[in-house]
Student: 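To start, I am sharing the structure in question, which I have written as structure tokens.
Values below: all heavy atoms of this structure, side chains included; hydrogens, waters and symmetry mates excluded. All chains are named by letter (A, B, ...) in the order of the sequence lines, taking the proteins before the strands, and each is independently numbered beginning at 1.
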Amino acid sequence: MNKKVPSSSGFHSKSLSGVSSIQSETPSSESLVWVGVCWTEVLYLQDLLQRCARKRAAKEGKVCHGRTIQAGLQTDTLTSNILINMYSKCGLVDFARWVFDRMPERSLVSWNTMISSHTRHGEEEEALDLFMQMQREGITPPSEFALSSILCACAAKSAVFECQQLHAFALKNEMVSNVFVGTAVLDVYAKCYLIKDACRIFDRMPDRSAVTWSSMVAGYVQNDLYEEALMLFHRAQIIGLEQTQFTLSAALCACASLAALIEGNQVHAVSIKTGFGSNLFVAASLIDMYAKCGSIEEAYFVFSSVKEKNVVLLNAMISGFSKHARSLEAMILFEKMQQMGISPNEVTYVSVLSACSHMGLVRKGQRYFDLMIREHNVYPNILHYSCLVDILGRAGMTHEAHDLIERLPFDATASMWGSLLASCRIHGNLEVAEVAAKHLFEIEPDNAGNHILLSNIYAEKKRWVEVARARKLLKDNGVKKEMGMSWIEVKGKVHKFVVGEGNHPQIAEIFAKLEDLAAEMMKLGYKAEIEHDLHDVEEDRKEELLRHHSEKLALTFGLIESPPCAPIRIKKNLRICGDCHSFMKFASRITGRKIIVRDTNRFHHFSDGSCSCGDFW
DNA sequence: GTAGGGTTAG
């Protein structure tokens, strides 16, 4: 504070209760050289502003701002810095910038605070511009504060090149050992899928904070390294670090992706023990984890236990119901959320529309699609259109679905054409199928599934010449079908099975049990649906290939290894084929077990010979 | 007076 301010004529000391007016006392700090202004009152105002920042009290903050002007403090750097911070914390970044732009003299803190304010509010470009301006004006070198803020902007923009430059700068200036800078660099690398670089930084950091640990756990999750994420989470537990809501939600996300229910249960226990069980982020992750691990009841239990619900929590629950073919519950919750005064957003509508698609509810789906724009001002994105294409196609309205794709306001995705092709397979529409396949072969030439689907449609129509052509095309292009894989968690360990698996230590036992099971099923009428196999081999071989689909191997392993009445939960990397679907139905009847299969699209709950999807999937 | 991390979507 190096400017003399005018007299305190406009200063309403009376309004500041409990503060006596002490004129021009000797200041305790060099920065408080005041002429005619009570410095204790200045301190009081600054303290008030900081309290407003902590309480996110924008209205009171604005009143305080008015008082600082009345006190003639508009030229004071320290007060302005506090004002910028207050406005930033209250979410009024424009007001913060207004103060910043009018400062006659800015300190390093002014720049740092303003840059972080822009970053915090998702204005990465403004943050970067300001950072560059800072360099141009010779306010160098940037401090650790500016560096960590600007790295945060890089993370949001996936600006890996800028991050590398800043990292080099930090190394040169020995700033990388600063825990804020180190963590921010680590986070950007992880978000830019340079997980090895992120790991290297983590390993070399002299000090790690709770944020460093949670950034690394989340980094692994963002890079689909779920097992590594859980290992790091456990490492933190072992060395006695307190888990935070951040590590907990990231670890739960890993469990959800792995379909690791037992592991997820353990993380749930830690969440309760640490008092984060009702944190909205943790609770939403818990709901999602339970739903994705096949336990919709436990997901609902968590949902019910949270008193103050938000839109993400509701979306997680609605999405869970939708995936588990519980469309009625999804729709009831959709109505309830509005009664609670929470508006559905675009995520809600994706789940509600996909619930309609899973259940074949055409009219309901179309009604939701209209409602979305009309009532809630939510404009349909590519996922909403995808759902609608799926709803129409599955219901046999393949021409309507095709028309919709042709009228889209953007380019149709492979998933849309794929959905249409699959619908054509169900409803035998060869004409539209050929159009869909043509687009798919262009968009994703390496996807063998599309060739197989088209060939199946030809085979059904007994168009053998075209079947042969499709097979030749598949062979000539060297297109490989994505290897089918299934995972099952037994005794807390996730076991992976690949189609035709031969290396599992218990494979002989699994094959023997599988044969017994199939023999028993055949007595009840099961017949291998060999049309689901498109290998160019004899029928016997086809049957064997089908028999060794990964989900069948995982099921048999589960039957051998788990307690007699325990449900069997399987996760698969592709959509379940018709033969495996039928196999699971028979298996649930013979063994009396509940079998829950999560494929890339949804859940199938098999019980006593039938499936929750009602054979519509 | 200023800095870094987490949730829901066919």
Side-chain angles (χ1 to χ4, degrees), chain A residues 46-47 49-50 53 77-86 88-89 107-117 119-120 142-152 155 178-188 190-191 209-219 221-222 244-253 256 276 279-289 291-292 310-320 322-323 345-355 357-358 381-391 413 415-416 418-419 422 575 600-602:
Chain A
Q46 291 174 344
D47 183 54
L49 283 169
Q50 280 160 24
T77 305
L78 175 60
T79 309
S80 297
N81 287 347
I82 299 171
L83 273 165
I84 296 169
N85 184 42
M86 181 275 294
S88 169
K89 295 276 162 63
S107 69
L108 201 55
V109 176
S110 325
W111 288 89
N112 294 343
T113 315
M114 198 58 236
I115 289 170
S116 93
S117 177
T119 308
R120 191 187 287 265
S143 72
E144 285 96 335
F145 285 89
L147 216 53
S148 43
S149 292
I150 208 69
L151 279 162
C152 180
N178 174 292
V179 70
F180 286 85
V181 175
T183 306
V185 176
L186 178 163
D187 187 56
V188 189
K191 287 195 172 122
S209 68
V211 181
T212 318
W213 282 85
S214 65
S215 300
M216 197 62 232
V217 176
V221 174
Q222 281 148 10
T244 65
Q245 64 268 52
F246 295 91
T247 43
L248 287 163
S249 49
L252 287 164
C253 190
F276 290 119
N279 171 279
L280 286 172
F281 282 85
V282 175
S285 304
L286 278 167
I287 294 166
D288 188 55
M289 181 275 292
K292 285 186 178 155
N310 69 0
V311 70
V312 179
L313 212 66
L314 281 146
N315 287 348
M317 196 64 240
I318 292 173
S319 153
S322 163
K323 284 194 192 80
N345 63 14
E346 54 180 4
V347 181
T348 325
Y349 272 105
V350 172
S351 298
V352 174
L353 287 168
S354 91
S357 149
H358 291 322
N381 65 26
I382 211 140
L383 291 177
H384 301 112
Y385 280 108
S386 260
C387 289
L388 198 56
V389 167
D390 212 44
I391 290 171
T413 60
S415 89
M416 283 183 190
S419 152
R575 281 174 78 162
T600 43
N601 192 37
R602 61 180 300 169

Student: Is there a side-chain contact between R120(A) and the phosphate of dA3(B), meaning an N or O under 4.0 Å from OP1 or OP2?
Tutor: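 Looking at the OP1 and OP2 atoms of dA3(B), one of them is under 4.0 Å from a side-chain N or O of R120(A).
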
Student: Considering every strand and a 4.0 Å limit on heavy-atom distances, what is the contact class for V181(A): base, sugar-phosphate, or nothing?
Tutor: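 V181(A): no heavy atom of the nucleic acid under 4.0 Å.
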
Student: Quick one: is dG10(B) close enough that its OP1 or OP2 comes under 4.0 Å of any side-chain N or O from S357(A)?
Tutor: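 For dG10(B), neither OP1 nor OP2 has a side-chain N or O of S357(A) closer than 4.0 Å.
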
Student: Could you tell me whether A250(A) contacts a base, only the sugar-phosphate backbone, or nothing, with contacts defined as non-hydrogen atoms closer than 4.0 Å?
Tutor: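 Result for A250(A) = nothing.
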
Student: Considering only side-chain heavy atoms of N315(A), which listed nucleotide, dG6(B), dA9(B), dT8(B), is closest?
Tutor: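 Of dG6(B), dA9(B), dT8(B), dT8(B) is nearest to the side chain of N315(A).
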
Student: Compare the minimum distances between each of dG5(B), dT8(B), dG10(B) and the side chain of V347(A), then state the nucleotide with the smallest one.
Tutor: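 In terms of side-chain proximity for V347(A), the closest of dG5(B), dT8(B), dG10(B) is dT8(B).
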
Student: Scan S285(A) against the nucleic acid and name what it touches under 4.0 Å (heavy atoms): base, sugar-phosphate only, or nothing.
Tutor: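 Contact class for S285(A): sugar-phosphate only.
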
Student: So, OP1 or OP2 of dT7(B): does either fall under 4.0 Å of a side-chain N or O from K292(A)?
Tutor: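 It does not, given that no N or O in the side chain of K292(A) lies less than 4.0 Å from OP1 or OP2 of dT7(B).
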
Student: Give a yes or no on whether a donor-acceptor pair under 3.5 Å exists between the nucleobase atoms of dG5(B), that is its base, and the side chain of T212(A).
Tutor: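 It does not, because no donor-acceptor pair links the side chain of T212(A) to the base of dG5(B) below 3.5 Å.
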
Student: Test your reading of the model: is there a side-chain donor-acceptor pair from H358(A) to the backbone of A355(A), 3.5 Å cut-off?
Tutor: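 No; zero donor-acceptor contacts below 3.5 Å.
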
Student: Choose from dG6(B), dG10(B), dG5(B) the nucleotide whose nearest atom is closest to any side-chain atom of V211(A).
Tutor: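 Output: dG5(B).
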
Student: Whether the side chain of T183(A) and the base of dG4(B) hold a donor-acceptor pair under 3.5 Å is what I'd like checked.
Tutor: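 A donor-acceptor contact between them is present.
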
Student: Answer yes or no: is there a donor N or O on one side and an acceptor on the other, between the side chain of S88(A) and the main chain of I84(A), under 3.5 Å?
Tutor: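 Side chain of S88(A) to backbone of I84(A): no pair is present.
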
Student: Tell me which nucleotide among dG4(B), dA9(B), dG6(B) gets nearest to the side chain of C152(A).
Tutor: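 Closest nucleotide to the C152(A) side chain: dG4(B).
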
Student: Under 4.0 Å from OP1 or OP2 of dG6(B): is there any side-chain N or O of Q222(A) that close?
Tutor: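 Looking at the OP1 and OP2 atoms of dG6(B), one of them is under 4.0 Å from a side-chain N or O of Q222(A).
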
Student: If you look at every strand shown and take non-hydrogen atoms under 4.0 Å, does A210(A) touch a base, only sugar-phosphate, or nothing?
Tutor: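 Counting heavy atoms under 4.0 Å across all strands, the contact made by A210(A) includes a base.
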
Student: Contact class for S419(A) vs. all strands (heavy atom < 4.0 Å): base, sugar-phosphate, or nothing?
Tutor: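 Counting heavy atoms under 4.0 Å across all strands, the contact made by S419(A) includes a base.
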
Student: Which listed nucleotide (dG6(B), dT7(B), dA9(B)) is nearest to the side chain of Q245(A)?
Tutor: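 The closest nucleotide is dG6(B).
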
Student: Of the listed nucleotides (dA3(B), dG10(B), dG5(B)), which one gets closest to any side-chain atom of K89(A)?
Tutor: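 Shortest atom-to-atom distance from the side chain points to dA3(B).
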
Student: So which nucleotide from dG4(B), dT7(B), dG10(B) ends up closest to the side chain of C387(A)?
Tutor: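 From the listed options, dG10(B) comes nearest.
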
Student: From C-beta outward on F180(A), which listed nucleotide comes closest to its side chain: dA3(B), dG5(B), dT7(B)?
Tutor: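 Output: dA3(B).
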
Student: With no angle test and no hydrogens, is the base of dA3(B) tied to the side chain of S149(A) by a donor-acceptor pair under 3.5 Å?
Tutor: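 Per atom types, no contact qualifies.
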
Student: With heavy atoms under 4.0 Å as the rule, sort L280(A) into base, sugar-phosphate or nothing.
Tutor: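 Contact class for L280(A): base.
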
Student: Looking only at side-chain atoms of D187(A), point me to the closest of dG5(B), dA9(B), dT2(B).
Tutor: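 Side chain of D187(A) sits closest to dG5(B).
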
Student: Classify the side chain of S209(A) and the base of dG4(B) as holding, or not holding, a donor-acceptor pair under 3.5 Å.
Tutor: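 Between dG4(B) and S209(A), which were checked side chain against base, a qualifying N/O pair under 3.5 Å is present.
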
Student: Please check: side-chain N/O of N381(A) versus main-chain N/O of H384(A), any donor-acceptor pairing under 3.5 Å?
Tutor: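 Yes: the side chain of N381(A) pairs with the backbone of H384(A).
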
Student: Could you check whether the side chain of S214(A) and the base of dG5(B) have a donor-acceptor pair of N or O atoms closer than 3.5 Å, going by distance alone?
Tutor: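 Flag set: donor-acceptor pair detected.
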
Student: Taking 4.0 Å as the cut-off, does a side-chain nitrogen or oxygen of N85(A) come that near to OP1 or OP2 on dT2(B)?
Tutor: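 Yes.
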
